[in-house]
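Written below as structure tokens is the structure these notes are about.
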Amino acid sequence: MLRLTFLRLFLVGFPLADGSAASWRRCDGVVPLDLLSFVLERDTSRLVPGVHLDQAEGVRGLRFSSPHLSMSFPSSDLLPDCHLFPQQFSVVVTLSVTRTDPQRNDYIFSLMDTNSSAKARIKKNKLNHLEKSSAEDAKERQVTTGDRGHLLLGLRHTKNRLHFLYKDPHGEVKRLAFRTPGLADGRWHTLVLAVSGGSVRLTSDCKPPVEIVPSKPFPSALNIHGSRFHIASRGRWKGLFSGMLRQLVLVPGSDASGHICPSSEPHLSALSVPPKLLDLPLIVGREAEDTRAAHETRISVGLDRPCSQQSQGELWFSPLKKGLYLCDGSQWITMLQDHQRLDYILEQQVLTTSSETNDIEVFQVAGVGVMAALAQRSPASGSALYLWTRSGFQLYQNISTHGALAWRHFRIGKRSYLVVSNFGGGADTSGAEVEPDFSVIYKWSRKRRRFVHLQTLHTHCARDWEAFSINQHTYLAVANHRTGNNHTIDSLIYKWNRLAKAFEVHQRLPTSGAYDWEFFTVGPYHFLVVANAFDGVTTSVDSVIYVWVNDGFQVFQTIKTYCATDWEMFQIGGRVFLVVANGHRLAGSGHGRYAINSTIYELDMHARMFVRFQDITTYSAVDWEFFSLGEEHFLVVANSFSGESYSLNSILYRWQGYEGFVPVHFLPTIGCSDWEFFTWKGESYLMYSSAKAPLSKVFKLKTY
């Protein structure tokens, strides 16, 4: 009854059906329904009859010896107060089948119309002269088959095929067959069957889905009033599932493949697995039982759990809510819960620019809104400043620049500032600068509602600016890349002089082809890390982490990098990470290798240094961007060049705990030079710039 109460709390707001069934409720908007747990947890003291625990590859599953009535239940128990099956849904199943299993029309589950069975019995009583059976035979059929009726919906497995069956509006049973070669190999496999619109898709072990478009789509009003679910059968011996099941979840109104894929173990991707199957593998003996009992006492997993004085202090993890809860003796207290998750990425805007773009800076100006400054290569057109509107970014101001390389926004008090690095005329044959580079600081004018010139600074092919505050003082760090052909030069730290209202040189730091600065704070300590790219001979150079000591930065740690182009610092919980974008590695004869690892480092508090955490293969990476949505954390990399082409995927990675970051989305880009994440009015966006094409793109992050 507790389970039914839990479900009813979510079953609200169903739209009405069309036509004659307008007063009947449709089962839309329901949370995922764990069919196996529903039947297994009626009596937690033992397994239901006809079901046995088994294992394959050290992982537990269920094997079925009979189509017992305990593995059957009215659909109204699971889907109360709704009579029409959802038009869009998916089924997640994890199974193991061997070549020796019969595999002749084995039903994974079925939904039977018991009304038709009752009508048939009435007709049979009236026409009993058509068929006679002994009382004993009739009794046996009643025990083993129950009220089977006609099939409304079902999923069955045969050799090398998975069959999806449903009753169409004309009363005919339609069957869609998906080829599944290699499924009967004795290993675990996770399948997601998704019904949406006029198509049915099957995803096997998180591989690309196979789609079938039936001649007659799934009915929009499948009446399930009075129907009955049968797990691992269709209510009789013939068709009893001969393999093992570990997971069987019905997900109304959603394609569940996006919830469980990608996965480090795609064959065991889990949305909801019965608690009895989450224990350690089956071990015979008293010691194994004691170990499992202790494990279950520590934390429970399932659809629902009662909270009482007896369970005070226990933890419960809900796979449906994705939350961890603590029992205080009367109710569950939320400890961790995921409220917002990334579903998919939608292209929002293609921004045609006047020239290629080396960098983007997205920021907010009080009283104005979200703005984007694009560092555009062409000196003729300058660089554009855009304002975010309902229709996307619109041109707001054009600023004269000369081969702009990077923008940085910062604040001093309530004032907004922008600094841009310009690239000069380069070097002559002797290696001397033809004309000096310079960077310009602009200040936001509230009166003119424009950025106006404030200060010009002499720089050397500055690739990046970083703004930060220490002890209520504002600093700017510039990454000087080279002077002519000399890459081993000083980069500078500037300090804001409040009286002169200008930046003055505070400290010089030796760098080698500096490409990026990243400032961050851990507790009372302030750090600044430089991405060194080239020393004039090789790209295999040390990047340096500095720590603030006695009014200046001192070396804290050096890390070997390969044409480092970007550092990104981020925190997850209490853990501190740094990720570097490695551009390329010089090989023999001056040729470069562009497919190399970029590395995530984690701060080891005991060793007081950053240690290697994860390597990720990138393609001439030039930028990392970290962001969070709800309790989920992401990294997106700007892959710029494969060695042969600038048209390649930049990749979005999701944090998976001990697994690190795993790829979840592949975004086609052309010479990607930068990624920026921003939010506006509750919506989240990603924007990328191209250094090889006159365009930038904005993507909207759809969440659920």
Side-chain angles (χ1 to χ4, degrees), residues 351 353 357-376 382-389 393-401 404-422 438-457 459 462-470 472-479 492-496 501-503 515-521 528 566-570 622-627 638 673-680 684-689 696 698:
L351 195 64
T353 55
T357 303
N358 291 310
D359 177 68
I360 303 175
E361 178 77 346
V362 179
F363 56 96
Q364 290 192 30
V365 174
V368 180
V370 172
M371 290 183 145
L374 275 61
Q376 292 172 296
S383 293
L385 184 64
Y386 292 87
L387 176 66
W388 182 256
T389 67
F393 280 113
Q394 301 295 326
L395 182 63
Y396 184 84
Q397 181 182 359
N398 201 76
I399 299 177
S400 178
T401 55
L405 295 175
W407 283 100
R408 181 67 63 188
H409 173 263
F410 61 97
R411 290 185 177 89
I412 302 177
K414 296 181 179 180
R415 301 279 186 175
S416 285
Y417 297 83
L418 275 177
V419 57
V420 63
S421 58
N422 291 304
F438 61 95
S439 294
V440 181
I441 302 174
Y442 298 89
K443 176 183 177 181
W444 176 256
S445 171
R446 298 177 181 174
K447 183 178 180 180
R448 299 177 57 185
R449 298 181 68 85
R450 291 287 188 272
F451 280 97
V452 297
H453 180 275
L454 176 70
Q455 184 180 1
T456 298
L457 299 171
T459 52
R463 301 297 313 195
D464 181 60
W465 283 94
E466 183 77 349
F468 53 92
S469 295
I470 299 177
Q472 297 183 344
H473 292 284
T474 302
Y475 297 86
L476 281 177
V478 63
L492 275 64
I493 311 295
Y494 295 89
K495 182 179 180 179
W496 177 251
K501 295 183 185 288
F503 282 94
Y515 223 95
D516 179 69
W517 284 108
E518 177 80 351
F519 174 83
F520 59 97
T521 298
L528 190 65
D566 181 59
W567 282 100
E568 180 86 350
M569 176 269 184
F570 58 93
V622 293
D623 181 60
W624 283 102
E625 181 79 357
F626 173 83
F627 63 93
S673 58
D674 191 22
W675 280 102
E676 289 290 315
F677 170 80
F678 66 97
T679 60
W680 183 246
S684 301
Y685 302 88
L686 277 174
M687 184 178 187
Y688 101 87
S689 59
S696 292
V698 180

Got a donor-acceptor contact below 3.5 angstrom from the [X] side chain to the [Y] backbone?
X	Y	answer
Asp674	Tyr688	no
Ser689	Ser696	no
Thr459	Ala462	no
Gln376	Ala384	yes
Gln455	Phe503	yes
Ser673	Thr357	yes
Asp464	Ala479	no
Asp566	Trp624	yes

Would you say the side chain of [Y] lies within less than 4.5 Å of the side chain of [X], judging by non-hydrogen atoms?
X	Y	result
Glu518	Leu528	no
Tyr494	Trp465	yes
Met371	Gln364	no
Leu405	Asp359	no
Tyr442	Val420	yes
His409	Ser416	yes
Val698	Met687	yes
Leu686	Phe627	yes

Parallel, tilted or perpendicular: ring planes of [X] versus [Y], cut at 30 and 60 degrees:
X	Y	result
Phe451	Trp444	perpendicular
Tyr475	Phe468	parallel
Phe410	Tyr417	parallel

Rounded to the nearest 0.5 Å, how far does [atom2] of [Y] lie from [atom1] of [X]?
X	Y	atom1	atom2	result
Ile441	Leu454	CD1	CG	6.0 Å
Lys501	Arg415	NZ	CZ	8.0 Å
Asp623	Trp675	CG	CH2	10.0 Å
Ile360	Thr353	CD1	OG1	9.0 Å
Asp516	Arg463	CG	CZ	10.5 Å
Thr389	Gln394	OG1	CD	4.5 Å

Could you walk me through whether Val368 and Leu387 pass the side chain to side chain contact (heavy atoms under 4.5 Å, CB included) check? CA-CA 8 Å; Val368 180; Leu387 176 66; 3.8 Å; yes

Counterpart residues, salt bridge (charged side-chain N to carboxylate O under 4.0 Å, His left out), relative to Glu466 (two or more places apart):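 Counting only residues at least two positions away or on another chain, Glu466 forms a salt bridge (charged side-chain N to carboxylate O under 4.0 Å, His left out) with Arg408.
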
For Ala404 against Ser383, the heavy-atom pair lying closest together: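 What the structure gives for the nearest pair is CB-OG, 3.5 Å.
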
To check you understand the geometry: which heavy-atom pair defines the closest contact between Val370 and Thr679, and what is its length?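 Closest approach of Val370 to Thr679: CG2-O, 4.2 Å.
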
Tyr386 vs Phe678, test: ring pair (Phe, Tyr, Trp, His ring centres under 6.0 Å). Steps then yes/no. CA-CA 14 Å; Tyr386 292 87; Phe678 66 97; over 10 Å; no

I'd like to know if the side chain of Tyr396 pairs up with that of Arg450 as donor and acceptor (distance under 3.5 Å, no hydrogens or angles considered). yes

The single option from Ile399, Leu374, Val362 passing side-chain contact (heavy atoms from CB on, under 4.5 Å) against Trp407: Ile399

Can you confirm if the NZ or CZ of Arg411 lies within 45° of the ring axis of Phe363 and under 6.0 Å from the centre of its six-membered ring? no

From Phe677, Trp680, Trp388, residue fulfilling ring pair (Phe, Tyr, Trp, His ring centres under 6.0 Å) relative to Tyr685: Trp388

After noting the C-alpha distance and the side-chain angles of Gln397 and Arg449, does the key distance pass the side chain to side chain contact (heavy atoms under 4.5 Å, CB included) rule? CA-CA 10 Å; Gln397 181 182 359; Arg449 298 181 68 85; over 6 Å; no

